[in-house]
Amino acid sequence: MIIVGWAWCAFAAPWEDRTAATIGETAGWSNKVEVGDVDGDGLIDVVFANGGDYATPGDPEDTTVFLNGGAGQPFVAAPGLLGAPTSTRAVKIRDLDQDGHNDVLVAGNWGGQARLLLGGDGGLVDASDTHLPRDPQYVGDLEVGDLDLDGDLDVVLATWGEGNPLTNDGGALGVWLNDGDGKWRADDTLADPVLIGMSWDLEVEDLDGDWDLDVVVSCKVCSGSFLFRNHGEALLVHEPDALPQWGNNYDFEAMDLDGDGDVDLVTINDGAQLGEHVLLNRGDGTFEDGTDTWLPPDAQEAWADDNVAVFLDYDQDGLPDVLIGSLNGDDRVLRNTGSRFELVTGAFEGPNSPGTLGVALADFDGDARIDVAMSQGEVTSADLLFFGVDVPPDVGPPSIGPVVAEASDGGMVVRARVHDTKSPVLTSDFSEVVLEFTDEAGPHVVPLAWYGGSAWWASVEAAGATSWQVCATDAAGNAACSPEASIELEPVDTEPPTTDDTGAAKDGCGCANGGPGSAAGLVALIGALTWRRRPAQGRGAARFAVRLP
C-alpha cells in the first residue's frame with residue numbers, strides 16, 4: 001500500500017481569529033450556528049440561531065445571517081432576511097425541495113412556529129404558512145433526511161414539551177413527512193411516544209447498515225440518551241437497550257472511528273467529571289462503551305462544561321479527529337491516532353470563547369483549509385469566526401463505503417456512505433458525487449442525491465450485465481472511487497423502442513424518482529477502497545492517492 005499525504009506535526013494556533021474582519025462584533029444569545037450557501041452565489045454563508053434564555057423564553061432576537069463577501073472581503077449582515085425576531089435553537093440550510101437551490105428551515109421554540117424560506121433565482125420566499133405544520137412548537141433540535149425512502153426529504157424534531165424543559169415531562173420525537181411536493185405534514189404515529197426531557201441535539205444516520213435512517217437523541221435531564229431504529233417507512237421504534245446510559249448528554253456526533261465500516265458515536269458532557277464518551281458500534285446498530293480505550297483521562301479536560309463536538313481531519317492523515325466547543329473550558333481538538341484520541345490544546349489564537357454553544361466547519365475563503373464558526377450564548381460573548389492558517393490544506397480524498405447496488409424494475413438502485421471526514425455532511429463539501437456505470441447501452445454518469453447523514457442514493461435505468469462504481473470529488477478537488485463491481489440485470493427488451501411525439505426513440509437510461517424498488521440481486525461492498533485520480537474539479541487538482549493491492 002502506498003500513501004501520499006501530509007504527515008502530522010504539531011501546529012501553533014492553527015486557527016486565527018478573523019471575527020473583526022468578517023462578521024464584526026455580534027450581540028445576543030446564539031445557540032447553534034449553521035453554514036451553507038444562502039444566496040446562491042457559491043460562497044458559504046453563516047447563520048446564527050438566536051434566542052434565550054436557558055430554560056425559559058427570553059426576548060426575541062434576529063436569526064442573524066451573514067453573507068460571505070468572498071476571499072479577503074467582509075461578510076455582509078442581512079438582518080431580517082429570515083423574518084421577524086424570534087427565539088430558535090436550530091437552523092438548517094438544505095435543498096429541502098430538491099430544486100437545486102438551498103432553503104432555510106428555522107425551528108420554532110417556546111410555543112412559536114417554524115419558518116421555511118425557499119430559495120430560488122429571485123431569492124428567499126417565505127413558504128411557512130403553506131408548506132409547514134402550523135402549531136406551537138418547542139424544538140431543541142431538528143435534522144433533515146429521507147426517513148421513508150420515498151425520494152424526498154423529511155424532518156425529525158427533538159421537542160421539549162410546554163413549560164420549563166428542566167422540570168416538565170418532556171416531549172415526544174416529532175416527524176414531518178414530505179408529501180413529495182415540498183410540503184410537510186406532522187405524523188405523530190411514526191415515532192414511539194416516549195417523552196424526552198430537554199434535548200439539545202439529535203442525529204439521523206444509518207446505524208445498523210440497512211440503509212434507512214435511524215435517530216439518536218441526546219438528553220440533558222434524562223438518565224440516558226435515546227436510539228430510535230427505523231423499521232421502514234419512517235417507523236421509528238425506541239430501543240432502550242441499544243445504548244449505554246448516562247445522563248447529561250448534550251450532543252451526539254456520528255462517524256466510523258475505527259474503520260470497520262460501522263458508524264460510531266461520540267457524546268458530550270455525560271461522562272465522569274463532565275467528560276465525554278466514545279460508543280463503538282457492534283455492527284448491528286447497538287453500541288458498547290469504548291471510552292477507556294479511545295478517550296482515557298489524559299485525553300479529557302476535567303469539569304469542562306462542553307457543549308458540542310464536530311468531526312474533521314485536523315491533520316490530514318485520513319482519520320476523523322474531533323473538535324470540541326466548551327462553555328467554560330478550552331475549545332480543543334482530539335486527534336485520532338488510529339486507536340485512541342490525544343488531546344491537542346492551543347488550537348485557537350485570539351480571544352477566549354466562554355460561551356461556545358455551537359460549532360460549524362466550512363472553507364469560507366476558498367483556500368482549501370477548514371475554517372471554524374462558533375456561536376456564543378449563555379454569557380456575554382460575541383460570536384466568532386476563526387480561519388485556518390496553520391492547518392494543512394485539504395489533500396485527502398472523500399471517504400466512500402460501504403456501497404450497495406440492488407436490482408429494481410428496469411434498472412438498479414445504488415446507495416453509498418460518502419463523506420469528507422467532516423460532520424455534518426453537506427452537499428457543498430463536494431463538487432460531485434456520482435454513479436458511473438456501463439450497461440448494454442454504454443457508459444453513463446449519474447449524480448447521487450444526499451438523503452441524510454452520510455447516505456447518498458441514485459435510481460437508474462440499466463439493462464444486462466452492468467459494471468458500476470461510486471465516485472466523489474470534494475470541494476478542494478480531491479477524488480476517490482469505490483472498487484468497480486458488477487451486477488446482472490434484466491436484458492434490454494427486444495420489442496421495438498418506444499417513441500415520443502416526434503417519432504424519435506426515447507433515451508434508455510436516466511434517473512428515476514421512485515423508491516428503492518425490489519431487492520433482487522444484491523451486491524454489497526464493505527472492504528477497502530481503491531482510489532484513483534480524476535480530473536480536478538474545484539479549487540485544485542487531486543493531491544492524494546492511495547493504491548491498494
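No hydrogens, no waters, no symmetry mates; every other heavy atom, side chains included, goes into these values. Quick caveat: nothing in here was measured; it's all calculated off a predicted structure.
No cation-pi contact links Arg89 to Tyr138, judged by a cut-off of 6.0 Å to the six-membered ring centre and 45° from its axis.
When side chains are defined from C-beta on, Gln376 counts as touching Ser353, because their heavy atoms get closer than 4.5 Å. Residues Trp184 and Leu177 fail the side-chain proximity criterion, which asks for heavy atoms closer than 4.5 Å. Within the 4.5 Å cutoff, side-chain heavy atoms of Phe287 are placed close to those of Leu227. Between Gln113 and Ser128 there is no side-chain heavy-atom pair separated by less than 4.5 Å. Tyr314 has its side chain within reach of Val344: a pair of non-hydrogen atoms, C-beta onward, lies under 4.5 Å apart. You'll find the side chain of Leu357 stays beyond 4.5 Å of the side chain of Lys32, heavy atoms only. Val308 has its side chain out of reach of Ile268: every pair of non-hydrogen atoms, C-beta onward, lies at least 4.5 Å apart. Side-chain contact check for Asp241 versus Thr286: every heavy-atom pair is 4.5 Å or farther apart.
Judged purely by distance below 3.5 Å, without hydrogens or angles, the side chains of Ser423 and Glu253 pair a donor atom with an acceptor atom. For the residue pair Asp251 and Ser218, no side-chain donor N or O sits within less than 3.5 Å of a side-chain acceptor on the partner. Residues Asn269 and Asn307 bring no donor and acceptor atom of their side chains to less than 3.5 Å of each other. Ser326 and Asp331 share no donor-acceptor pair across their side chains, judged by distance under 3.5 Å alone. Between the side chains of Asn50 and Thr63, no donor-acceptor pair of N or O atoms lies under 3.5 Å. Side-chain N/O atoms of Glu205 and Ser454 include a donor and acceptor closer than 3.5 Å.
Distance alone, capped at 3.5 Å, is enough to place a donor-acceptor pair between the Asp192 side chain and the His238 backbone. No donor-acceptor pair under 3.5 Å is formed between the side chain of Asp103 and the backbone N or O of Asp95. Here the side chain of Asp45 pairs no donor or acceptor atom with the backbone of Asp37 at under 3.5 angstrom. A donor-acceptor pair is defined here as one N or O able to donate and one able to accept, closer than 3.5 Å; no such pair exists between the side chain of Trp294 and the backbone of Leu279. Judged purely by atom type and a 3.5 angstrom limit, Thr159 uses its side chain to pair as donor or acceptor with the backbone of Ala172. A distance-only check finds a donor-acceptor pair linking the side chain of Arg115 to the backbone of Leu82 [under 3.5 Å]. Asn336 places no side-chain N or O within 3.5 Å of a backbone atom of Leu319 that could act as its donor or acceptor partner. Judged by distance alone, with hydrogens and angles left aside, the side-chain atoms of Asp214 form a donor-acceptor pair with the main-chain N or O of Leu207 at under 3.5 Å. Looking only at distances, no side-chain donor or acceptor of Lys220 sits under 3.5 Å from a matching main-chain atom of Cys222. Between the Ser199 side chain and the Ala158 main chain, no donor and acceptor come within less than 3.5 Å of each other.
Nearest heavy atoms, Ala405 versus Val414: CB-CG2, 3.9 Å. The two residues Asp264 and Leu257 have their closest heavy-atom pair at OD2-N, 2.9 Å. The two atoms that bring Ala347 and Val333 nearest to each other are CB-CG2, 4.2 Å, heavy atoms only. For the residue pair Ala90 and Leu142, the shortest heavy atom distance occurs at CB-N, 4.3 Å. When every heavy atom of Asn109 is checked against every heavy atom of Trp160, the shortest pair comes out as ND2-CZ3, 3.6 Å. Residues Pro397 and Asn478 share a closest heavy-atom pair of CA-CB, 3.8 Å.
Aromatic rings of Phe252 and Trp200 (six-membered ring for Trp) have centroids beyond the 6.0 Å cut-off, not under it. A ring-centre distance under 6.0 Å is found for His277 and Trp246.
Counting only residues at least two apart or on different chains, the salt bridge (Lys or Arg N to Asp or Glu O under 4.0 Å) pairs with a member in residues 277-291 are Arg282-Glu288.
Salt-bridge check for Glu342 with Arg332: failed, with every basic side-chain N at 4.0 Å or more from each acidic carboxylate O.
Of the residues listed (Tyr451, Trp211, Phe430), the one engaging Trp456 in a ring-ring contact (aromatic ring centres under 6.0 Å, His included) is Phe430, and it is the only one. With Leu236 as the partner, the side-chain contact (heavy atoms from CB on, under 4.5 Å) test is satisfied by one option alone out of Val204, Val215, Asp212: Val215.
Note that CG of Leu323 and CG of Asp321 are 10.0 Å apart. Values are rounded to the nearest 0.5 Å. Put simply, SG on Cys471 and CD on Gln469 are 4.0 Å apart, with the number rounded to the nearest 0.5 Å. Between the CG atom of Asp305 and the OG1 atom of Thr356 there is a distance of 10.5 Å, given to the nearest 0.5 Å. Atoms CG and SG, from Leu202 and Cys219 in turn, are 12.0 Å apart once rounded to the nearest 0.5 Å. Between the OG1 atom in Thr267 and the CG atom in Asn249 there is a gap of 5.0 Å [rounded to 0.5 Å]. We find the CG-CZ distance between Leu343 and Arg335 to be 12.0 Å, quoted to the nearest 0.5 Å.
With a 6.0 Å radius and a threshold of 12 heavy atoms from other residues, nucleotides or ligands, Gln245 has its CD atom above the threshold.
For the salt bridge (Lys or Arg N to Asp or Glu O under 4.0 Å) test, residues two or more places apart in sequence or in another chain that qualify with Lys92 are Glu143. Under the side chain to side chain donor-acceptor pair (under 3.5 Å) criterion, Asp371 pairs with no residue, sequence neighbours left out.
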> Hey, mind stepping through Arg417 and Asp206 against salt bridge (Lys or Arg N to Asp or Glu O under 4.0 Å) and telling me if it holds?
Replying inline: CA-CA 9 Å; Arg417 186 189 302 153; Asp206 174 24; 5.2 Å; no
